[in-house]
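Read the numbers this way: they start at 1 and go in the same order the structure lists the ligands and their atoms. Here the structure is a predicted model, which means the values were calculated and not measured.
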Amino acid sequence: MISAESSYETLIGKDISRAADLLKEGTLVAIPTETVYGLAANALNTAAVLKIYQTKNRPQFNPLIVHTSSLNEALKWTDSFPEEAIKLAETYWPGPLTLLLPKSNLISDIVTSGSNLVAIRVPSHAMTQELLQGINFPIVAPSANPSGYVSPTNAQHVLEGLYGKIPYILDGGSCRVGLESTIIGWNPEGKAVLHRPGGLDTDQIETILGYSLQRPAINNHHPLSPGQLKSHYAPHAPLFTHEQELTDINQIEGVYLIRFKEFHPSFPLAQQRILSASGSPEEAAQHLFSVLRELDALKPVRIYAEKLPPAGLGIAINDRLERARQIWKHS
Ligand code: TXA
Ligand code: MG
């Protein structure tokens with residue numbers, strides 16, 4: 001019997017049927033999505049789902065997103081699907097939208113951490129679509145990184161975090177979006193709530209809905225969407241977001257800057273990374289996690305990250321930077 005502690009010779013490849021076979025036998029496989037890479041398991045196999053928590057070292061109170069191939073499939077795993085949810089699904093699926101809806105009894109409490117709501121999405125990456133269409137069960141897939149660390153946006157990133165812990169990484173290249181999906185749920189008054197800003201422009205969602213998305217109250221003890229835990233998505237290096245603090249530094253050795261589109265004029269160029277020279281928030285989102293990982297590997301003394309204008313994907317990017325800096329706030 002293969003347990004989650006087994007040591008594997010982790011392989012990277014493009015063999016979709018191999019990934020499908022592994023999932024069918026209850027083994028975990030890393031898969032590409034348009035947002036970030038996921039660590040996938042058969043959502044209907046409890047033992048396989050439990051391996052995800054062990055492999056990622058993820059607390060069991062943090063539930064998993066169910067991934068299916070289409071809206072029709074998603075209807076099977078939910079108990080009700082409000083009209084607004086249908087409208088958003090029809091607009092954005094396949095794509096980086098996760099909906100939080102009442103779960104069907106077919107989805108176990110292990111997947112939802114005991115909640116009667118299930119988070120569900122239809123990813124658009126062509127390889128994962130083909131994979132999902134070739135199996136007769138939905139998959140759960142949290143980001144394929146050790147819990148708390150930066151999400152992976154290419155197969156190499158997955159290997160760095162999970163080498164030896166899974167047998168196979170399905171290589172679908174670099175993720176097109178680069179940030180996790182946007183999570184939307186509904187409050188008891190029937191209004192849509194933004195649980196996690198992500199790969200979609202929330203202004204556009206608000207235009208479709210005809211009203212402003214509600215914000216959930218952040219509560220670290222009973223998080224509605226634990227991705228909203230304050231410290232998350234964090235590199236090992238101390239990360240700061242306030243550019244003003246830069247003026248206090250008289251030592252620049254080991255200090256790196258992440259800038260949106262322009263280099264800081266009075267700082268060594270080799271210690272700066274630009275997210276998008278053309279000033280595109282979409283391109284900045286694609287590069288953010290790679291840049292955080294690249295700089296982290298240099299073991300910097302500090303990283304200073306410039307925030308983006310708070311519109312469109314800039315909101316989700318700023319959210320991730322804010323969470324990445326939280327743990328250093330008081331040190
Ligand atoms: O883009 C994505 O969503 C990626 C790719 C792989 O699909 N997945 C991802 O999964 O980001 P993960 O596990 O890293 O983040 C899922 C977030 C967590 O914050 C989790 O707490 C929340 O979704 N979530 C999942 N199920 C939930 C539920 N039933 N109720 C509330 N929050 C839920
Ligand atoms: Mg994650």
Side-chain angles (χ1 to χ4, degrees), residues 28-41 43 49 52-53 55-68 77-79 92-104 107-125 127-129 131-132 138-153 157-158 161-162 169-170 172 175-187 193-200 216 218-220 222-234 285 289 316 319-320 323-324:
L28 308 187
V29 179
I31 56 161
T33 84
E34 71 283 14
T35 57
V36 299
Y37 274 70
L39 179 62
V49 175
I52 287 191
Y53 289 98
T55 303
K56 275 184 60 97
N57 199 15
R58 179 181 178 108
Q60 278 200 25
F61 64 76
N62 193 358
L64 305 171
I65 297 177
V66 171
H67 297 60
T68 64
W77 314 112
T78 49
D79 218 24
Y92 292 110
W93 281 354
L97 171 71
T98 294
L99 298 175
L100 201 48
L101 297 170
K103 79 174 184 73
S104 125
I107 297 295
S108 88
D109 283 346
I110 310 284
V111 168
T112 65
S113 304
S115 168
N116 56 4
L117 299 176
V118 62
I120 191 156
R121 87 178 191 94
V122 176
S124 71
H125 194 289
M127 285 173 99
T128 291
Q129 264 295 324
L131 173 70
L132 285 167
I139 57 178
V140 280
S143 52
N145 51 278
S147 185
Y149 194 61
V150 181
S151 294
T153 54
H157 292 167
V158 179
L162 299 180
I169 300 170
L170 190 59
C175 298
R176 179 178 58 77
V177 177
L179 289 179
E180 301 85 351
S181 59
T182 301
I183 305 181
I184 306 271
W186 278 264
N187 66 18
V193 177
L194 178 65
H195 287 277
R196 178 175 73 181
L200 296 178
I218 290 180
N219 178 339
N220 266 339
H222 299 285
L224 271 172
S225 187
Q228 295 301 317
L229 283 174
K230 278 194 162 182
S231 162
H232 216 81
Y233 312 104
F289 290 161
D319 171 83
R320 300 304 186 272
R323 284 170 213 294

Min N/O separation E180 to ligand 1 under 3.5 Å: no

Metal proximity, S143 vs the Mg ion (ligand 2), N/O/S cut-off 2.8 Å: yes

Pair R121 + E34, salt bridge at N-O below 4.0 Å: yes

Which atom of L39 lies closest to which atom of A144, heavy atoms considered: N-CB, 3.7 Å

Value rounded to 0.5 Å, distance of OG1 in T182 from CG in L194: 7.0 Å

For S181, atoms of ligand 1 separated by under 4.0 Å from a heavy atom: 1 (O), 2 (C), 3 (O)

Side chain T78, main chain K103, donor-acceptor under 3.5 Å: no

Any S143 side-chain heavy atom under 4.5 Å of P152 side chain: yes

Winner among A40, G198, P63 once heavy atoms are compared against atom 24 (N) of ligand 1: P63

Structural part of L64 in contact with ligand 1, heavy atom criterion under 4.0 angstrom: backbone

Atom pair CG (L101) and OG1 (T98), whose distance is rounded to the nearest 0.5 Å: 10.5 Å

Heavy-atom proximity to atom 12 (P) of ligand 1, best of S143, P152, S151, S147: S143

Close N or O approach (H67, ligand 1; < 3.5 Å): yes

Proximal atoms of ligand 1 relative to N62 (non-hydrogen, under 4.0 Å): 18 (C), 20 (C), 21 (O)

Verdict with reasoning, R320 to S151, per side-chain contact (heavy atoms from CB on, under 4.5 Å): CA-CA 10 Å; R320 300 304 186 272; S151 294; over 6 Å; no

T112 vs I107 side-chain heavy atoms within contact, under 4.5 Å: yes

Residue selection (non-hydrogen contact nearest atom 26 (N) of ligand 1) among G185, A119, S115, P32: A119

Mode of R196 contact toward ligand 1 - side chain, backbone, both, neither (heavy atoms, under 4.0 Å): side chain

N or O pair under 3.5 Å between K56 and ligand 1: no

No-hydrogen, no-angle side-chain donor-acceptor test under 3.5 Å, S113 and S115: no

Sub-3.5 Å N/O-N/O distance, L117 and ligand 1: yes

Atom indices of ligand 1, in the order listed, that fall short of 4.0 Å to a heavy atom of G38: 6 (C)

Ligand 1 contact by R58, heavy-atom criterion under 4.0 angstrom: yes

Residue-ligand contact A141/ligand 1, heavy atom below 4.0 Å: yes

Any donor-acceptor pair under 3.5 Å from H125 side chain to G172 backbone: yes

Residue-ligand contact K103/ligand 1, heavy atom below 4.0 Å: no

